[in-house]
Amino acid sequence: MTDFEPKIIGFLCNWCSYAGADLAGVSRIQYPTNLRIIRVMCSGRVDPALPLGFLAEGADGVMITGCHIGDCHYIDGNLHAKRKYGLLERLVAKAGLEPGRIMLEWVSASEGQRFADIVTGFTDQVRELGPNPAVTDPCVKLNLMAAKAAAEEYRLRALVGKEEKLVTEGNVYGEEMTQEEFDRIMEEAVETEFTRNKIRLILSVKPMSVKGLSAETGIDSRIILDHVVALRQRGWVDLHEVQGNSPVYRAMEVQ
Amino acid sequence: MSEEPRIGVFVCHCGINIGGYVDVPDVVEYATGLPDVAYAEPNLYMCSSDGLQKIQEAIKKYELNRVVVASCTPRTHEPLFQSACEEAGLNKYVFEMANIRDQCSWVHMHEPEKATQKAKSLVRMAVAKARLLVPEEEPEIDIRPTGLVIGGGVSGLTSALSLADQGFKVHLVEKEDRLGGTLLKLDTLFSSNVKASEVINPLIKRVKASTDVTVHLDSRVADVKGFIGSFDVGIETRGEPETLSVGTIIVATGADYLSPEGLYGYGQVDNVVTQMELEQLFKEGGRLDGVKTLVMIQCAGSRNEERPYCSRVCCTEAIKNAIKLVKENPKRDVYILYRDLQTYGIEFSMMEYDAKKSGVKLVMYDKERLPEVTGEERGPMVRVYSPLLDEELTIETDMVVLSAPIIPNEDNEALSKHLKVPLNSDRFFMEAHVKLRPLDFATDGIYVCGTAHSPKEVAESVSQARGAASRAGIPMAKGRLKTAAITSVVDEAKCSGCGTCIELCVYNAITKNERGLAQVTSAVCKGCGVCGASCPERAITMRHFTNEELEAQGLAALKEA
Amino acid sequence: MMDKPVIVIGGGVAGIQASLDLADRGLKVHLVEKSPSIGGVMAQLDKTFPTMDCSICILAPKMIECFRHPNITIHTLSQVKEVTGKEGNFDVKVLKEPRSVDESKCTGCGLCSEKCPTKVSDDWQKGLSERKAIYILFPQAVPLIANIDREHCLYFQKGICQVCSKVCPAGAIDYEQQPEEISLNVSSIIVATGFQELNPSELGEYGYGRYKDVITSMEFERLVCASGPTGGHLNRPSDGKHADRIAFVQCVGSRTHKKGYPYCSSVCCMYATKEAVLIKEHDPGSEVTIFYIDLKVFGQGFQQFVDRAKQHWGVEYVRGKPGEIRRNPLTKDLAIWYEDTMTGNVYEKEMDLVVLCTTMIARPGNRELAGVLGLKLDEWGFFKSKDPVRSPIETDVPGVFVCGCCHGPRDIPESVAEASATAACAAEVSRRCAS
Amino acid sequence: MRYALYLGCTIQSEQFGYEASVRETLPRLGIELEDMEGVSCCGFPALSSVSKVGWHYLSARNLAIAEDMGLAVLPLCNGCHLSFIETKHFLEKDPELKNIINMNLEKEGLNYRGDIRIVHLLEALHDEVGTQKISEKVVKPLEGIKLASHPGCHAIRPSDLQKVDDAENPQKLDDLIRALGAETFDYPEKIDCCGSQLAVTSGRVTLRIAGEKLQAVKSYGFDGLVTTCPFCFKMYDGRQRAIKGALKDASLDLPVFYYTQLLGLALGSDPKSLGLQMNQSPVGDLVERILEG
């Protein structure tokens, strides 16, 4: 474990965090070499599907940093970053990956030292966790791919996109929703979308029956059946053949 | 760009800043082996004129169509290298930087091997992105050289005149049947005690005389279409609709004064008036002769739970009038009951001392124990507890003057909806940034000044009005506006018209087109990418920071050298 | 572009804003700054009230914009020495002090200062830390170019050392540089020379200069700033112990007819509130008290900011100006003596750190500049505008405009708005001259 | 250096030690003292609080005598010094009052011009002789002795009159103490009032004010307190026993000196010639220590 060097990817917003990272350099503040920085204009631009994809591909940790709340160059982009990160956290949990592998922090352009401290801390934390299991364990990888797929689906994106407004200003009818209510709906949606995408991925490898899927995923076959029905309605899954008297399903190519 | 990518990689030593810790030749050699890299070379100082020339030579010699520079931070140097590429005939958006100084050599000075490894992977990431880069256009839009000023008070008039003096046509829309606004109601103005009429009348005269300013009285803004450069503003003049085609809009709608019904006996006890009414009495003259004792009460309706903000001008206004009253008749007893004297800055501080010298009695009261006004035979009777004296004073007065706060116009709500610009919690117009963009709205081409934004005295409004005219004049002076290329673009085939992006965009850059689908006005888009990251259908692409490009960067990072 | 350029004197936030407004509309601008970098006082602030924005974070992009802008020429270490002519046609002579570093070669790598053997108290950090004799004013300096302080440089003093020229990878060190005179012909002149804080040792009050733990608000800004000498940790200068009990004293040198100045500096109540909230954010357990005469909450959102400081952060506000700050000679602890004028009670409270919010005063340089430009000063050395109500930013000299704190204390948004206003004036002038 | 020596009432009626030490030491520093004929009370504080004219008349009269002598006047007492300074200040601002006073002075052939130089003992020693010269003349340096400096209010306030030393941060007496080889440092109560002005009206308060300062001075480890004002000296020295009683603090005993007494010891004068035997605070041991050197 000692010689393990985690691969860490960091999304930095151009205006505060990236400048903070530069300041760490200008001030010659040293930190571990593991971080690989991707510059984005705003932390709110970080689509949860991106980090999930990197984790699936074996990144040991992903950090996202933006301007402090209130300092956002785009007024409230970092608020949306925060909402999206919420979804990311849920999906990482669903995929059974340690929450410590992702991080969202605010770093201003004047916080060179803070940036270095954050990177150092996160690197140590990930080093502690050890290598990303997705590399060796195909189940975890499958989960992460399912999570990524879920993050790319309409339902979760629409929910997260509306979250800020729903819980601060309310819906079109002006009904404000408490964070708790929203979280409940979100959690349910995440569970569903994650499972359905997982089923679809499994079926895309090889056709299976509901029973088989249940065995593969450890989920009650009745729940699997509901999902399969829904997936068929979406046109993502279709009947492949009937073995004995149990139908076998396959994933459809989705354009 | 259809043809095969041919990437040139240029690695900077930056003296010893990079070269001292990162094995630059090794990085160059490594870069040469990367996919689609046609050429790579080191240089002592990439940013030196010699370095830039080398890039341009290489572009020609090796027919490069992508350029990667591995050196310092793009925040300071990207534009330099981009223009070098442009001079060599490349579009500036096929350029990418790898920050191997500020974010590598300088922060890993004690681990040269690892620093070199990191530098390689930063270059690998940049190359991965560069392969996918495409040329971007910076579309230009026309800016109509005509400004719209909403509001014909001192701010609006000043803005309009400045715009005219800058050489633009101006439409001035005023809801009343005459120009002048609040100043018409005032007698004198602090700090110089100049007659309000001497300030406002010359402005009105100049505006009326100006051939560049078209005045629309009795008019209101009914609806607003378009964006910076080409706003189509529908106004109604006595029911008559008209559409004004303008390039920029200045909001100078001013504010109102609270009528403090029920406060301190206002409306119930005789001779309890507001500062505005006192100004009116001054204008009419005479009626104050009988007034021997007069009490002014500050914060009458402000700095409380209902209206938390301080109205800024009342203390100085009261002091101005108090001095006037005692100088008129030194036997007069004039009290100002205040909480915190807001006599800020030099002139107002001096007025405060003048008041004390002239014998104006300043009595501080406590918010927890407000003064009381009751109607008596002789006139209003004031009871006030002074914490400093620790006793309650009872003052028999001839008149009580309430300093009622400036409050936002009730039609701010409507106008803010038409212009799609926000109001703050006090219902005044809210600027783009409290500190550095006090006169702009987040929406390009719309500006604010004067008391429409918050309570202000005349001089501050005049400065702001001139300032707003400068801000509005900038795009109009340029005539054409080069808009950023790093913007969102909607793939209509994918868009379902859910409107999520429209709600998310603080710049109102996204609207629904006639088919109900989202469309980005790139002139207005600031390129943050929030919409793209949120689009349920993933129908929005972020130019120059596409998902594919970011994905490629990340996956390249995960590959080991 | 046929139009003549405009000269902006002073590279603080006001000067920067005026320059950008003019340059963006296509006018050439000469931005003259007497220090080695633009940025002014705002660059030294940690956060800004009432939004708690990080000051340098929001200013730095504008500084860089100035630097990159094709229409703006920045003249650092420069001062205006002579002006002739009139509106539309001023001839201006600018004197540029030698940097002793070739601006075209220096890459701002900072190696020179790293190796320079001479340590000097760092004025930019308010003397709370040291810099070298060759130095870059601050990390975000624009231009990011080193500068030799000849007063302290061993080469200029003793003719020895020359380490910087030996280590400079770019060969940018140039000991031979001479003062340079630049002649400009401009259509109008914008004055934005800003202010400075009163040095409270002039007052004798409150033991400033005698007691290390009595500091000014500007010193506090550096002390609490992440890029400051303590990396943002609030440690007492005397012994480095963390400060848990902090007092802010308003109106030090202000609103008085005895020693000091009779006027109110407009911003102290609010920046003290900001600084108090900063302390509470870092360390909610600390006790912070603000002593004031009248709480100036006249700006947009100020009252709400103070309410938040009181209710949410538990900052204590005491109406009363402390009589005296005493230090126990054995424990070195400070005690502040004051009367709470709302109750009439007198207290003595121990404090770890006392921050004096001192008067914003005019820059002494104004006198010379006023002479050069033919402008009037008020009795405290601030530039006088033509008319306090009608033309607050114009002066008695047509074509010369003033903005920001050089004509009296004001906050950042006011300075920025005024800066834009002067830009409008300058634009109007160049139009008049064109037609 | 020659001065017209103005002793005032308090010194001549009870503070003989001060006069003695001054007459013993100043000449040894090259300061010649000339006595003033026919001087009266300076009018402070008794008269000044009831009759402005009477007070300024008395002060002006004394100053006129000094002007006649063609010398700068050296009032030993802080009270007299303040009285003179204020009279000079007010008569400059009020020529009418000056005339009235001069009309009265004429009767005894006196005239107050107003160009008189008024010099405080601290100024004479610190600014005119100089600490350098003093320390050169020291034969018995007061080494290892910690002395608290008490300049006294009237020597430094009100600050906007031309006063002896900085009202917020007086240092001259401290410098003079150091010049004798003794040690001193700032302490919070340094510029606190001795309370003597309240003696007449509210004695107990006076004792408390003076007592708390003495306790503080002791707590900082000072060996003694030094002043040049007879009023303050009276409080701390003469009434120290009363203070002990009032504060019920038996341990409260602190040697109190006139600066000139310590100056004398340092210059090697005989303690008797410095009137030290007349000090009522326990100075004995400390004097011993100094003499033994």
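Lettering of chains follows the sequences in order, A, B, ..., and the numbering in each one begins at 1. Treat the numbers as computed from the prediction; the structure is a model and nothing was measured.
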Of the non-hydrogen atoms in C:Leu223 and C:Thr230, which two are nearest, and what is the gap between them? O-OG1, 2.9 Å
Test item: C:Ile279 and C:His282 side chains (from C-beta on) under 4.5 Å apart, heavy atoms: no
Pairs of donor and acceptor atoms, chain C with chain D, under 3.5 Å:
{"residue": "C:Arg210", "atom": "NH1", "partner": "D:Asn169", "partner atom": "OD1", "Å": "3.3"}
{"residue": "C:Lys258", "atom": "NZ", "partner": "D:Asp160", "partner atom": "OD2", "Å": "2.8"}
{"residue": "C:Arg326", "atom": "NE", "partner": "D:Pro188", "partner atom": "O", "Å": "3.4"}
{"residue": "C:Arg326", "atom": "NH1", "partner": "D:Asp192", "partner atom": "OD2", "Å": "3.3"}
{"residue": "C:Arg326", "atom": "NH2", "partner": "D:Asp192", "partner atom": "OD1", "Å": "2.2"}
{"residue": "C:Arg326", "atom": "NH2", "partner": "D:Asp192", "partner atom": "OD2", "Å": "2.8"}

Shortest non-hydrogen contact from C:Ala362 to C:Trp380? CB-O, 3.4 Å
How about C:Tyr263 and C:Ile361: do any of their side-chain heavy atoms sit closer than 4.5 Å? yes
Report yes if some heavy atom in the side chain of C:Gln44 is under 4.5 Å from a heavy atom in the side chain of C:Lys126; otherwise report no. yes
Quick check on C:Lys241: does its NZ atom have over 12 non-hydrogen neighbours (other residues, nucleotides or ligands) under 6.0 Å away? yes
Of the backbone (N, CA, C, O) and the side chain (C-beta and beyond), which part of C:Ile325 lies under 4.5 Å from a heavy atom of chain D, both, or neither? neither
